[in-house]
Visitor: 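Here it is, the structure in full.
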Amino acid sequence: MTTPPTPPAPPAPPTTLTATGLSLRYGGTPALDGVSLRLSRGVTGLLGPNGAGKTTLLRVLATALPPDRGDFTALGHDPATAAGRLALRRTLGYLPQTPGFHPDFTAFEFVDYVAILKELTDRAARHREVRRVLADVDLADVRGTRIKRLSGGMRQRVALAAALVGDPGLLVLDEPTVGLDPEQRMRFRELIAEAGEDRTVVLSTHQTEDVAMLCHHVVVLARGRVRFAGAPAELTARAAGRVWSSAGRDPAALAGWRTGTGTFRNVGDPPEGADLLEPTLEDGYLLALDSDSRTVTA
């Protein structure tokens with residue numbers, strides 16, 4: 001019996017954002033040091049410790065901050081030129097780490113204000129768009145409520161609605177789930193996953209579980225450099241054979257902590273005969289941060 005031929009793999013989605021050699025210093029301190037990326041449609045998670053350069057990178061991608069060196073193009077636009085920067089901003093949604101709310105505005109008024117800034121000049125069409133994005137983030141029932149009276153989770157959803165105005169092709173989100181309770185974080189994950197179905201989303205987070213549940217691609221940034229770029233499963237696989245259980249914290253481990261069972265989970269180079277454990281994305285992330293000797297570009 002003839003074995004049927006293996007069907008060809010589906011084509012990779014086209015690249016929507018390319019960055020080469022992005023560098024930026026604050027005084028004498030490098031915030032970005034030769035960052036290169038190639039991103040496509042879907043959700044990319046940006047992981048890294050405090051001070052890694054994540055917010056600086058997102059501000060550069062959102063055209064809020066020009067790099068000292070390097071360049072990038074997104075959705076076919078080059079923000080190094082005035083025309084390219086304007087064109088990209090027209091199809092860009094940006095949720096900064098600390099949204100600049102006007103607390104006396106209602107949710108509707110705030111999103112409408114952002115829509116005006118995005119040049120949605122027809123009042124009737126703009127109001128339809130504002131109602132649409134507020135409904136998309138489940139805030140239709142509170143659109144007339146002042147922002148200062150909304151919960152933290154609702155305020156984050158208002159900020160996401162503002163970022164979604166105009167159906168942007170590129171969505172840049174800086175720590176969107178910070179401060180949210182588990183139920184709010186789960187709802188936010190649903191919204192971000194939906195947003196990534198037909199656009200490019202770049203999501204900065206400290207939560208490795210957000211990346212594991214949401215992201216098609218992950219970039220680990222440390223000291224302004226890319227330490228890893230690839231699929232979440234590839235980052236997890238880096239920790240295979242390097243996670244083990246012991247009765248006490250192994251002093252040779254890169255990291256180790258007591259688990260709920262009373263045993264210790266250790267990450268690093270295991271001793272001979274160690275009781276190996278199944279690795280997680282967080283284990284791979286810890287090991288990527290320890291790999292300071294090389295840079296991998298996306």
Visitor: Any donor and acceptor pair, going by atom type alone, linking the side chain of Arg85 with main-chain N or O of Pro79 inside 3.5 Å?
Guide: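 Checked: pair present.
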Visitor: For Ala255, enumerate each residue passing the side-chain contact (heavy atoms from CB on, under 4.5 Å) test, keeping only those at least two apart in sequence or located in another chain.
Guide: Trp257, Leu286
Visitor: Give a yes or no on whether a salt bridge exists between Asp104 and Lys148, defined as a side-chain N under 4.0 angstrom from a carboxylate O.
Guide: yes
Visitor: Between the side chain of Asn266 and the main-chain N/O of Asp250, is any donor-acceptor distance below 3.5 Å?
Guide: yes
Visitor: Mind listing the closest non-hydrogen atom pair of Pro270 and Gly241 along with its distance?
Guide: CG-O, 3.2 Å
Visitor: Taking distance alone, no hydrogens or angles, what donor-acceptor pairs closer than 3.5 Å link side-chain atoms of residues 21-32 to residues at least two apart or in another chain?
Guide:
residue : atom : partner : partner atom : Å
Ser23   : OG   : Gly34   : N            : 2.9
Arg25   : NH1  : Gly28   : O            : 2.6
Tyr26   : OH   : Thr56   : OG1          : 3.1

Visitor: Would you call Val111 and Leu139 a side-chain contact if the rule is heavy atoms closer than 4.5 Å?
Guide: no
Visitor: Between the main-chain N or O of Leu170 and the side-chain N or O of Thr91, is there a donor-acceptor pair closer than 3.5 Å?
Guide: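 Checked: no pair found.
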Visitor: Below 4.5 Å, heavy atoms only, C-beta onward: do Arg189 and Glu209 meet side chain to side chain?
Guide: yes
Visitor: Parallel, tilted or perpendicular: which one describes the rings of His102 and Phe110, with boundaries at 30° and 60°?
Guide: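 Geometry flag for Phe110 against His102: tilted rings.
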Visitor: Decide salt bridge (charged side-chain N to carboxylate O under 4.0 Å, His left out) for Asp290 and Arg227; before the verdict, give the C-alpha distance in whole Å, the side-chain angles of both, and the deciding distance to 0.1 Å.
Guide: CA-CA 9 Å; Asp290 192 51; Arg227 304 300 177 185; over 6 Å; no
Visitor: Which heavy-atom pair separates Phe101 from Ala159 by the least distance, and what is that distance?
Guide: CZ-CB, 3.9 Å
Visitor: Check whether Arg155 reaches the backbone of Leu150 with its side chain - one donor and one acceptor, N or O, closer than 3.5 Å.
Guide: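 Between the backbone of Leu150 and the side chain of Arg155 there is a qualifying donor-acceptor contact (under 3.5 Å).
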Visitor: Would you call Asp174-Arg59 a salt bridge at under 4.0 Å N-O?
Guide: no
Visitor: How would you list, by chain and number, every residue that makes a side-chain contact (heavy atoms from CB on, under 4.5 Å) with Ala87, sequence neighbours excluded?
Guide: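 Listed in chain order: His77.
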Visitor: Take Arg38 and Thr15, measure what side-chain hydrogen bond (donor to acceptor under 3.5 Å, both in side chains) needs, and give me the verdict at the end.
Guide: CA-CA 6 Å; Arg38 290 180 64 86; Thr15 299; 3.2 Å; yes
Visitor: Do Val202 and Leu57 come within less than 4.5 Å of each other through their side chains, counting heavy atoms only?
Guide: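 No. Closest side-chain heavy atoms not under 4.5 Å.
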Visitor: Where do Arg126 and Asp122 land on the salt bridge (charged side-chain N to carboxylate O under 4.0 Å, His left out) test, with the steps shown first?
Guide: CA-CA 6 Å; Arg126 186 178 73 245; Asp122 182 275; over 6 Å; no
Visitor: Using side-chain contact (heavy atoms from CB on, under 4.5 Å) as the criterion, list what pairs up with His127, not counting sequence neighbours.
Guide: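 Here the qualifying residues are Phe108, Asp112, Arg123, Arg131.
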Visitor: Go through Asp283 and Arg265 one step at a time and tell me if the side chain to side chain contact (heavy atoms under 4.5 Å, CB included) criterion holds.
Guide: CA-CA 10 Å; Asp283 299 327; Arg265 183 182 183 90; 2.6 Å; yes
Visitor: Of the non-hydrogen atoms in Lys118 and Leu92, which two are nearest, and what is the gap between them?
Guide: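 Heavy-atom minimum between the residues: NZ-O, 3.5 Å.
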Visitor: Would you kindly confirm whether Tyr113 and Val133 end up in one hydrophobic cluster when ILVMFWY residues are joined by side chain heavy atoms under 4.5 Å apart?
Guide: yes
Visitor: List the steps, then state whether side chain to side chain contact (heavy atoms under 4.5 Å, CB included) holds for Met154 with Val158.
Guide: CA-CA 6 Å; Met154 286 183 173; Val158 171; 5.5 Å; no
Visitor: Quick one: name the residues clustered hydrophobically with Leu276, using the 4.5 Å side-chain heavy-atom rule over I, L, V, M, F, W, Y, and just say none if it's on its own.
Guide: Trp244
Visitor: To check you understand the geometry: which heavy-atom pair defines the closest contact between Pro176 and Leu95, and what is its length?
Guide: CB-CD1, 4.5 Å
Visitor: Sort and list the pairs that fulfil ring-ring contact (aromatic ring centres under 6.0 Å, His included) and have at least one residue in residues 135-167, not counting sequence neighbours.
Guide: none
Visitor: Would Asp71 and Thr20 count as a side chain to side chain contact (heavy atoms under 4.5 Å, CB included) here? Give the steps.
Guide: CA-CA 6 Å; Asp71 53 68; Thr20 305; 4.2 Å; yes
